[in-house]
Amino acid sequence: MNLNTPVEKLKGVGEKTAALLGKLHIFSYEDLLLHFPVEYTIYKEAVPVSQVKAGTISTVRGSVASVNGPVKAGRYNIINIVLKDGLFNLDVVFFNQPYIKKIIKVGGFYTFRGKITQKGSKIVMQSPKLFKDEEYRELLKYPVPKYGLTSGLSSKTVSKAVKAALADAQWDDEVFPDKWLDKYELISHSEALKLIHFPESMDDVNKARRRLAFEEFFYFIMMLRKNKSLSLSLPNCYKMIETADTARFIDAIPFKLTSGQKKTFEQIASDLSGPSCMNRLVQGDVGSGKTLVALLGLLMTAANGYQGALMAPTEVLAVQHYKTVKEYVQKYGLIFKPVLLVGSMKASEKKEVYRQIESGEANLIIGTHALIQEKVVYKDLALVVTDEQHRFGVRQREALAGKGKQPHILVMSATPIPRTLAIILYGDLQLSAIHELPGGRLPIKNCVVGTSYRPSAYKFFSDQISQGRQIYVICPKVEADEEDDGELENVVEYAEKLKDALPGVRVEYLNGKMKSSEKTDIMNRFAAGDTDILVSTTVIEVGINVPNATVMMVENSERFGLAQLHQLRGRVGRGSHQSYCIFVTSKEDDKTMERLKILNDSNDGFKIASEDLRLRGPGELFGLRQSGEFAFRIADIYTDADLLENTSALVDELVNDDPKLMKPEHAKLRESVERYVTKSETLRSI
Ligand code: ADP
Ligand code: MG
């Protein structure tokens with residue numbers, strides 16, 4: 001069996017499981033082995049009931065004194081159990097789980113693990129999981145992996161399949177020279193795969209992570225070097241001159257450009273009129289006004305008689321940009337003739353847009369990925385701007401170049417990365433940075449609170465809503481799943497909870513699993529003010545601009561990276577009203593509070609990212625992804641910053657010594673680099 005063998009061939013994986021795995025894009029042995037756990041549960045010995053504390057996930061053991069219910073309460077059927085442990089009792093509550101009554105017998109001994117909450121003066125355990133004694137003893141031995149799942153699939157099933165694949169797979173494993181393994185203290189590839197899925201301790205997990213992260217960085221940097229040598233050699237096919245249009249636009253807008261905006265646009269204008277094809281990254285914190293800078297570049301392009309494209313990662317964002325541009329055209333008489341092109345448009349609408357693009361009637365094309373699909377024929381595409389989280393691969397470049405000559409590329413990113421790392425990670429791009437925010441904004445007021453603060457927060461919500469404002473609430477999960485232990489809030493149930501708590505308030509929810517058109521509708525209703533509270537996963541983190549929204553509340557904020565929380569916060573404070581950000585945490589230990597307090601004290605994305613970096617030990621907060629921009633499976637540019645720098649230096653050395661990896665001892669290495677480049681370019685050009 002090799003790595004490309006389909007998962008159906010695995011012992012214990014039937015058609016049904018294979019279909020579920022397929023939903024997670026797991027088709028081959030390799031896909032499965034690279035589906036790393038998102039986190040590990042460390043099961044702990046049961047504690048006496050007298051010692052359980054609210055706000056923790058605890059395990060208790062005792063005999064059942066009574067079982068009452070089910071009793072109907074609103075949408076819930078509630079079963080109440082009293083657990084007896086010596087002299088102490090603990091109330092245990094189950095919601096909508098009628099079968100519990102059949103499983104639990106009065107007088108029987110059980111192990112429960114679940115979330116402890118404070119209900120008035122009482123402590124209650126909510127919807128715990130039930131274990132047999134021997135089963136729980138087994139769990140105590142090792143960290144137990146939790147995988148990214150889909151409804152119907154459990155971590156146990158994934159784990160079994162992985163075990164079968166590890167036993168069955170045969171592959172020629174190590175491609176890195178021994179001297180690297182020694183120097184960087186790395187375990188072998190196959191050992192790392194084994195330990196990441198079946199660790200005996202968190203130390204094993206950390207060793208495995210280090211090796212796998214090293215690999216990811218290595219291949220990624222090798223790919224960048226290749227792109228760099230390609231892009232440096234490209235001549236400027238669309239030489240432009242600066243016209244009066246951009247200066248007129250700058251004069252007409254009711255505010256002054258910040259100095260970062262001014263400087264960045266100067267760099268862009270000089271690239272567009274210079275000898276080589278532009279390949280530039282604009283880094284700027286959320287709200288720093290990157291869109292305007294991009295529009296200036298696009299305006300210069302249109303004024304020179306060419307076409308420009310603005311590519312956004314989501315339809316919602318594309319539509320938002322399109323509206324902004326149309327408004328500007330009306331207000332300031334810009335020469336843009338914009339069109340919108342997104343996947344959810346009707347075929348007839350698309351056809352008309354294609355026609356306008358091909359004929360050159362449209363000189364600004366705004367959209368999603370659809371912009372680089374085969375059917376689109378540009379007349380004269382000279383500048384492509386990608387907004388947030390898009391990296392441009394060689395394939396995408398080729399796809400565009402195939403549509404004409406090589407266009408200029410401008411990438412905009414709000415990912416706060418210290419400059420030393422940016423130079424490595426964006427090695428194939430020229431860098432511009434906008435460090436300051438436009439003046440005259442009211443700073444956002446922040447607070448970090450425990451879950452007991454919720455009632456006050458909801459009161460505050462209704463206050464804001466009665467003043468006409470709107471609110472975002474972020475939860476880490478989409479819906480309750482197979483392994484829910486109540487630790488993480490989910491969007492679906494939270495929206496219901498809010499409706500109960502705030503009758504008459506218009507609540508909607510949004511998550512990444514929804515169809516694109518559905519998401520767009522929900523976002524549009526929110527933007528139009530038809531929804532008061534939007535409960536969402538982090539899908540809204542990217543670039544959304546609803547200036548009337550003044551409150552951002554993040555549940556389980558301990559589960560997010562600080563940089564990501566900062567991005568979320570950037571969704572408010574965009575209008576003239578005072579805005580607020582409430583970080584709710586279900587873990588109120590000192591370390592969590594210290595981390596979150598950084599957000600309280602600073603509004604500077606760059607500073608927040610590096611402080612986060614300082615506070616996070618390796619392997620800690622494992623599974624947190626700081627930035628969606630770099631599609632690393634396991635490496636984290638912040639946590640693994642030192643590894644990233646080491647790997648970069650190593651690649652320099654390697655490429656100096658053997659630029660094309662033609663030495664015999666690098667044969668295996670060359671093969672795997674080529675494989676990686678092909679694979680990731682295919683992935684990127686979906
Ligand atoms: P981001 O960099 O996060 O993409 P945007 O481009 O969405 O930020 O800009 C955020 C808001 O700031 C927009 O409403 C925009 O009109 C406004 N803005 C941009 N530049 C300035 C400026 N120089 N002064 C005042 N407001 C500005
Ligand atoms: Mg933006």
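For ligands, and for the atoms within them, numbers begin at 1 and follow the listed sequence. Model, not experiment: these values are computed from the prediction.
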Inset, instruction - Please say whether Phe255 places an N or O atom under 3.5 Å from an N or O atom belonging to ligand 1. - result: no
Inset, instruction - Check the surroundings of atom OH in Tyr472: do more than 12 heavy atoms from other residues, nucleotides or ligands lie under 6.0 Å from it? - result: yes
Legend entry - ligand 1 to Gly289 polar contact by distance, N or O atoms, under 3.5 Å: yes
Legend entry - Check ion pair Glu327-Lys331 (N to O, under 4.0 angstrom): yes
Inset, instruction - Could you list which atoms of ligand 1 come closer than 4.0 Å to a heavy atom of Thr258? - result: 23 (N)
Inset, instruction - Examine ligand 1 and decide if any of its atoms is less than 4.0 Å from a heavy atom belonging to Ser288. - result: yes
Inset, instruction - Quick one: list whatever passes ring-ring contact (aromatic ring centres under 6.0 Å, His included) with Tyr458, sequence neighbours left out. - result: Phe461
Legend entry - Glu352 bridged to Lys346 by N-O distance under 4.0 Å: no
Legend entry - Lys256: numbered ligand 1 atoms lying under 4.0 Å from its heavy atoms: 22 (C), 23 (N), 24 (N)
Legend entry - Proximal atoms of ligand 1 relative to Thr291 (non-hydrogen, under 4.0 Å): 4 (O), 5 (P), 6 (O), 7 (O)
Legend entry - For Tyr494, ring-ring contact (aromatic ring centres under 6.0 Å, His included) partners two or more places apart: none
